[in-house]
Colleague: 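I have a structure here, written as structure tokens, and I will follow up with some questions on it.
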Amino acid sequence: MPYNKITDNVLAAIKSIVGDDAVITQLSSLEKYSHDETEDLHYYPEVVAKPKSAEEVSALMRLCNEHLIPVTPRGAGTGLSGGALPVMGGLLIAMERFNKILAIDEQNLQATVEPGVVTEEFMDAVAGKGLLYPVDPASKGSCFIGGNVSHGSGGPRVVKYGTIREYILNLEVVLPSGEIIWTGANTLKYASGYNLTQLMIGSEGTLGIITKIVVKLIPRPTLDALMLGSFSSNEAACEAVSAIFRAGIIPSALEFMERRGVEWVIEHDGINFDLKDGIEAFLLIEVDGNNQDVIFADCEKINQVLEAFNCKEVLFADTSAKKEELWRIRRTMAVSVKSNSIYKEEDTVVPRASLPQLIKGIKETGLKYGFESVCYGHAGDGNLHVNIIKGKMSDDDWNNRLKEGISEIFELTVSLGGTLSGEHGIGLVQKGFMPIKYQPAHFELWRGIKQVFDKNGILNPGKIF
Ligand SMILES: Cc1cc2nc3c(=O)[nH]c(=O)nc-3n(C[C@H](O)[C@H](O)[C@H](O)COP(=O)(O)OP(=O)(O)OC[C@H]3O[C@@H](n4cnc5c(N)ncnc54)[C@H](O)[C@@H]3O)c2cc1C
């Protein structure tokens with residue numbers, strides 16, 4: 001698709017829509033918008049605009065559609081698949097001024113929120129009213145809820161409560177034509193034609209720009225318990241994961257962490273944690289509810305399951321400070337890995353009973369291609385983040401041969417019944433691997449959908465497929 005550059009006239013029109021103060025053109029200020037948290041990639045937009053209403057977004061979209069200028073929506077830029085990178089230049093629409101919680105409806109257990117609200121701020125606001133919004137990505141303190149919707153995000157607690165797909169009732173969306181629509185209704189049930197709300201979730205900013213979000217809330221459980229199981233092998237830890245569910249328990253979090261990741265957290269974050277010899281992997285397990293006896297009984301049952309898988313030690317966090325310390329290890333792992341080495345992060349997901357084969361295969365692939373990997377993630381969902389560490393790999397192996405190794409990991413994932421991404425999206429960096437999982441018929445359907453929404457292909461070009 002031949003796109004046009006932003007001319008002085010178009011720039012003047014952008015300024016008249018959002019105001020001079022909400023437009024960035026200086027190279028030094030554009031730098032912040034040239035990258036997200038995906039490895040070391042930089043693509044500069046020509047101009048950044050920061051609208052504050054759906055009407056302003058609509059006017060920008062009409063302008064860019066008329067002049068064939070590529071548009072990339074951006075949330076907080078914490079994405080790990082390059083979705084917010086303006087690979088074709090053009091206009092970047094930064095959603096940071098859409099930062100208001102518009103309503104918390106305690107009668108219906110719903111909230112209406114703008115997409116630029118930081119996820120944790122929203123979680124805290126509803127918690128203050130005794131309610132729970134459980135979609136808690138490890139990046140919750142920095143990412144936006146609109147980015148979460150666009151990526152179909154998850155987090156530790158979705159194992160019990162479901163991903164963001166379960167919590168979005170309705171969306172206000174600006175289409176590439178500039179038209180403003182609501183995708184559905186503010187109802188808990190929906191059987192009224194093709195579900196545009198679900199189509200928008202996970203569409204990675206390629207079909208429309210989300211400007212309002214209606215979210216379902218649930219009552220907040222009052223109690224929880226947290227335990228950490230230590231294992232002498234990755235596979236034993238992964239085998240215990242599905243056994244916990246088979247024992248009749250659905251934990252509110254079930255996270256896997258490899259020893260190397262914990263070592264780096266201790267080094268990077270100065271966390272006081274006694275890492276014993278012979279321990280290779282950990283399961284961080286949380287149970288929640290409203291009845292202390294039931295929670296104790298569940299913990300006891302989990303303990304028995306862990307013992308059956310040769311768990312070396314189970315640590316119970318008996319104070320909220322201890323709980324916070326254990327969660328900090330898991331939450332800071334991504335940042336610690338990143339600060340230790342150049343890395344690539346894959347977001348494999350398989351049916352959870354296949355996790356032991358997945359981790360075994362990842363390690364074998366690492367030996368074959370000469371890379372170290374640090375794995376952690378939402379094991380209860382079968383979702384393993386594979387951090388491939390550059391370490392001593394030559395630049396040539398890293399830039400060229402590694403692709404074969406990553407392809408092998410994805411081939412294994414797919415052969416186990418899984419797919420390329422559980423929650424980070426495909427964006428820019430995974431799209432080359434999509435044919436490993438998907439057939440020409442999938443691509444034809446996706447292109448057809450894209451064409452209906454975005455006739456001129458101006459919205460977030462170069463992503464997903
Ligand atoms: C340390 C760390 C931990 C993480 N942990 C998790 C985790 O546990 N679970 C998880 O799911 N992810 C996790 N992530 C990934 C990331 O935080 C999520 O993908 C998050 O949803 C991205 O939100 P964002 O606001 O930063 O979006 P961005 O990165 O800015 O954008 C993401 C995508 O959404 C599109 N987009 C953004 N806003 C809009 C909008 N209003 N309308 C239309 N499209 C839009 C963009 O074009 C892009 O394609 C983690 C990232 C880091 C760095």
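Just follow the structure's listing: the first ligand is 1, and inside any ligand the first atom is 1.
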Colleague: Under 3.5 Å between some N or O of ligand 1 and some N or O of H151?
Modeller: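 Checking ligand 1 against H151, an N or O pair does fall under 3.5 Å apart.
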Colleague: Mind checking whether H378 contacts ligand 1 via backbone (N, CA, C, O), side chain (CB onward), both or neither, at a 4.0 Å heavy-atom cut-off?
Modeller: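 The side chain, only.
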Colleague: For ligand 1 and S139, I'd like to know whether there is a polar contact (N/O to N/O, distance under 3.5 Å).
Modeller: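 There is such a contact, yes.
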Colleague: With backbone taken as N, CA, C and O and side chain as the heavy atoms from C-beta onward, which portion of S153 lies under 4.0 Å from ligand 1: side chain, backbone, both, or neither?
Modeller: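 Within the 4.0 Å criterion, S153 contacts ligand 1 through backbone and side-chain atoms alike.
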Colleague: What protein heavy atom is closest to atom 41 (N) of ligand 1, reported as residue, atom name and distance in Å?
Modeller: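 Residue, atom and distance for the closest contact: I210 O, 3.1 Å.
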Colleague: Check K450 with D454, please: is the shortest side-chain N to carboxylate O separation under 4.0 Å?
Modeller: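 Here D454 pairs with K450 in a salt bridge, since their nearest N and O are under 4.0 Å apart.
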Colleague: Which atoms of ligand 1 have any heavy atom of G205 under 4.0 Å away?
Modeller: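 Result: 43 (C), 44 (N).
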Colleague: I'd like to know if D288 and K160 make a salt bridge, using a cut-off of under 4.0 Å between side-chain N and carboxylate O.
Modeller: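 Judged by the 4.0 Å cut-off on N to carboxylate O distance, D288 and K160 do form a salt bridge.
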Colleague: Quick test of your reading of the structure: of I213, T78, D36, whose heavy atom lies closest to atom 22 (C) of ligand 1?
Modeller: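 Minimum heavy-atom distance to atom 22 (C) of ligand 1 goes to T78.
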Colleague: Quick check: V335 and ligand 1, any N/O pair under 3.5 Å apart?
Modeller: no
Colleague: Between G83 and ligand 1, is there a nitrogen or oxygen pair with a distance under 3.5 Å?
Modeller: yes
Colleague: If the cut-off is 4.0 Å to any non-hydrogen atom of H424, which atoms of ligand 1 fall inside it?
Modeller: 12 (N), 13 (C)
Colleague: If we set the cut-off at 4.0 Å for heavy atoms, which region of T72 has an atom near ligand 1: side chain, backbone, both, or neither?
Modeller: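 For T72, there is no contact with ligand 1 at all, from either part.
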Colleague: Looking at side-chain heavy atoms only, is the closest gap between V159 and N383 below 4.5 Å?
Modeller: no
Colleague: Using heavy-atom distances, let me know which of G77, G152, S150 sits nearest atom 35 (C) of ligand 1.
Modeller: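 Going through G77, G152, S150 one by one, S150 has the nearest heavy atom to atom 35 (C) of ligand 1.
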Colleague: In the protein, which heavy atom is nearest to atom 46 (C) of ligand 1, and how far is it?
Modeller: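 Nearest protein contact, heavy atoms only, for atom 46 (C) of ligand 1 is P73 O, 3.2 Å.
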Colleague: What about G75: any of its N or O atoms under 3.5 Å from an N or O on ligand 1?
Modeller: yes
Colleague: Starting from atom 31 (O) of ligand 1, find the nearest protein heavy-atom neighbour and note its residue, name and distance.
Modeller: A84 CB, 3.8 Å
Colleague: Of the backbone atoms (N, CA, C, O) and the side-chain heavy atoms from C-beta on, which set of P115 has a member under 4.0 Å from an atom of ligand 1: side chain, backbone, both, or neither?
Modeller: side chain
Colleague: At less than 4.0 angstrom from any non-hydrogen atom of E204, what atoms of ligand 1 do you find?
Modeller: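 Contacts of ligand 1 toward E204, numbered from 1: 47 (O), 49 (O).
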Colleague: If you define the side chain from C-beta out and look only at heavy atoms, does anything of F256 sit under 4.5 Å from I359?
Modeller: yes
Colleague: Please classify the E423 to ligand 1 contact at 4.0 Å (heavy-atom distances, strictly less than): side chain, backbone, both or neither.
Modeller: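 The answer is both.
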Colleague: Look only at interatomic distance and state if E37 has a nitrogen or oxygen under 3.5 Å from any nitrogen or oxygen of ligand 1.
Modeller: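 Min N/O separation from ligand 1 is not below 3.5 Å for E37.
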Colleague: Just verifying a value: how many Å separate F231 CZ and L283 CG, rounded to the nearest 0.5 Å?
Modeller: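 So the CZ of F231 and the CG of L283 are separated by 4.5 Å.
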Colleague: With sequence neighbours excluded, give me every ring-ring contact (aromatic ring centres under 6.0 Å, His included) pair touching residues 36-55.
Modeller: H35-H42
